[in-house]
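Counting convention: from 1, in listed order, for ligands and their atoms alike. Counting from 1, the numbers follow the sequence of the chain as shown.
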Amino acid sequence: MKVLIIGSGGREHALAWKIAQSIQVKKVYLAPGNGGTALEQKCENLPKCTTGEAALAFAQSNCIDLTVVGPEEPLAQGIVDRFRAAGLAVVGPGQRESRMESSKDYAKTFMHKFGVRTAAGRSFCDYEQARSYVQSYMATHSSVVIKADGLAAGKGVIVAEDLSTAQSALFSLMCEGAVGDAGKTVIIEDFLSGKEVSVLAAVSITPGKDGVIVPFIAARDHKRRFDGGQGPNTGGMGAIAPLPDFSQAIQDDFQRAILEPTLHGMEQEGMDYRGFIFFGLIIQDSRSYLLEYNVRLGDPETQTVIPLLESDMVPLCSAILDGSLAGFPLVWKAGAACTVVAVASGYPKAYRRGDFITIDKEKLAQSGAVVFTAGTSAQNGSLYTNGGRVCAVSALGSNSESAREKAYSGLSAVNFAGIGYRTDIGAS
Ligand code: GLY
């Protein structure tokens with residue numbers, strides 16, 4: 001079997017690593033992949049496949065049996081619709097379904113319509129109306145969340161703690177085009193405080209049939225750049241799973257207040273959604289609130305959760321596609337997983353590129369950790385930094401403390417000039 005993975009990040013490396021372990025799989029192609037993914041067993045990069053059209057042409061001419069789409073951009077651009085129209089097996093939602101992530105306005109309306117528990121919020125496409133609403137809102141509230149409607153590469157959500165910050169955020173998004181067309185419409189919503197939880201899940205919903213959403217082990221990303229949750233937001237500096245504070249009672253509440261109404265809503269909307277979904281939650285007073293849907297797996301949560309998956313990923317993908325997901329025996333490993341992300345100097349602002357990366361293979365093997373590369377390029381068999389988040393080091397342990405120790409021990413085998421990371425990933 002030949003599998004194609006669309007994307008170039010650490011999430012796609014973790015998917016390729018897992019899928020390559022399947023005895024059904026002969027070859028995994030990554031379109032385009034990154035410097036490190038080409039070194040993975042059974043894997044080959046397709047550096048010229050940087051568009052949906054190129055990936056489709058490759059899949060057709062190379063008899064690809066299964067395609068898995070990693071990032072949100074190609075999903076929002078409709079790559080899955082094109083693969084399906086060509087009769088190819090592809091895991092991921094179509095363009096219409098991808099609006100659950102690509103339009104925060106659509107997602108919020110969906111949540112309100114189907115009773116998914118979330119923060120109260122309103123959408124605005126007129127700057128003056130948004131400004132006047134925020135002015136009266138801040139007279140009675142100490143903070144507010146302003147979200148750009150469209151995809152904004154992590155730059156579209158601002159938490160403002162005073163009126164002037166809120167007004168500048170509106171001006172920057174709606175008038176100055178800070179995130180382009182993505183900011184023409186904004187959602188202004190209540191700020192919720194609490195611990196964040198990421199629930200990734202497999203989804204198999206086809207019109208006219210009962211759908212199913214199967215949640216994975218919950219994880220926690222660490223979004224701020226520095227220890228103790230300080231500094232600017234990033235794409236994610238590391239993750240831990242499972243989460244003892246996501247208790248059975250809170251999981252039951254999540255199931256009732258978020259997962260079930262979401263499934264019902266997706267069925268009512270006639271969605272054909274065969275892929276993965278990511279529920280971004282916040283837990284306040286032991287109740288789950290939905291912050292956002294992502295129509296894909298998380299990064300770096302995937303690098304944490306997928307190593308815990310005992311089951312073969314290929315039959316899981318088949319079950320998503322053929323409607324047998326409800327009966328799929330999803331098996332998880334006991335213990336915990338921890339992932340620490342190594343970043344380039346300067347990240348998340350302007351950062352260095354082109355630094356030589358060394359990996360002490362013996363030390364890494366002794367730690368039991370694995371390295372999932374992201375912002376890397378390869379030249380003459382050597383790896384160089386080529387992005388902000390350079391790689392993620394993941395390890396399993398009998399508990400979170402041992403997983404942390406192994407992940408940090410694995411990280412000590414990786415080096416490049418200016419390497420940065422948090423030292424408190426998964427620390428309780
Ligand atoms: N870890 C957050 C995300 O994948 O969007």
Side-chain angles (χ1 to χ4, degrees), residues 5-15 34 68-76 92-93 98-104 107 145 147-159 179 182 194-203 215-226 229 231-243 246 275-283 289-308 337-343 347-348 372-375 387-394 407 421-422 424-426:
I5 295 177
I6 308 291
S8 63
R11 164 186 47 212
E12 288 75 38
H13 190 168
L15 286 171
N34 68 67
V68 182
V69 185
E72 61 275 24
E73 292 89 355
L75 292 167
S98 296
R99 285 179 302 165
M100 293 183 81
E101 176 167 3
S102 66
S103 171
K104 299 261 181 290
V145 181
K147 293 180 173 174
D149 173 48
L151 295 178
K155 298 191 179 79
V157 180
I158 297 107
V159 177
V179 294
K195 286 200 165 180
E196 289 192 25
V197 173
S198 304
V199 180
L200 316 181
V203 183
F216 294 173
I217 289 180
R220 176 163 295 128
D221 188 3
H222 295 59
K223 291 210 176 81
R224 300 285 185 150
R225 169 63 187 83
F226 299 113
N233 257 325
T234 69
M237 294 297 296
I240 187 96
L243 306 174
F246 194 51
F276 299 105
I277 197 165
F278 167 149
F279 297 92
L281 310 178
I282 195 148
I283 312 301
Y289 291 80
L290 184 66
L291 295 177
E292 62 179 4
Y293 295 113
N294 294 316
V295 295
R296 52 174 171 84
L297 295 172
D299 187 337
E301 291 93 332
T302 302
Q303 296 92 306
T304 313
V305 172
I306 289 299
L308 281 167
C338 179
T339 300
V340 186
V341 174
V343 299
Y347 177 81
F372 298 122
T373 53
R389 289 194 291 172
V390 175
C391 63
V393 183
S394 294
Y421 53 88
R422 278 179 61 159
D424 63 346
I425 303 300

Number the atoms of ligand 1 from 1 as they appear, then name those within less than 4.0 Å of a heavy atom of D221, with their elements.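 Near D221, the atoms of ligand 1 are 1 (N), 2 (C).
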Give the atom numbers and elements of ligand 1 that come within less than 4.0 Å of a heavy atom of N294.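 Result: 5 (O).
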Check whether any side-chain heavy atom of N233 sits under 4.5 Å from a side-chain heavy atom of R224, and report yes or no.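 With C-beta onward as the side chain, the pair touches.
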Would you call Y293 and I277 a side-chain contact if the rule is heavy atoms closer than 4.5 Å?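 Answer yes - side chains close enough.
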So with a 6.0 Å cut-off around CZ of F246, is the heavy-atom count from everything else above 12?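 Yes, because the 6.0 Å sphere around CZ of F246 holds more than 12 heavy atoms from other groups.
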Is any N or O atom of K223, backbone or side chain, closer than 3.5 Å to an N or O atom of ligand 1?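 The answer is no, given that K223 and ligand 1 share no N or O pair closer than 3.5 Å.
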Under 3.5 Å between any N/O of E292 and any N/O of ligand 1: does that happen in this structure?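 There is no such contact.
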Any sub-3.5 Å donor-acceptor pair from H222's side-chain atoms to I425's backbone N or O?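 Not a single qualifying donor-acceptor pair exists.
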Side chain, backbone, both or neither: the part of R11 lying under 4.0 Å from ligand 1 by heavy atom: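 Contact part for R11 vs ligand 1: neither.
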Heavy atoms only: give me the nearest A182-L151 pair and the separation to one decimal.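 Residues A182 and L151, closest heavy atoms: CB-O, 3.4 Å.
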Is the closest heavy atom of G298 to ligand 1 under 4.0 Å?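 The answer is yes, since G298 has a heavy atom less than 4.0 Å from ligand 1.
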Please work out which of E301, R296, E101, R220 has its closest non-hydrogen atom nearest to atom 5 (O) of ligand 1.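 It is R296 whose heavy atom sits nearest to atom 5 (O) of ligand 1.
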Indicate yes or no: does E196 engage K223 in a salt bridge with an N to O separation below 4.0 Å.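 K223 and E196: salt-bridged.
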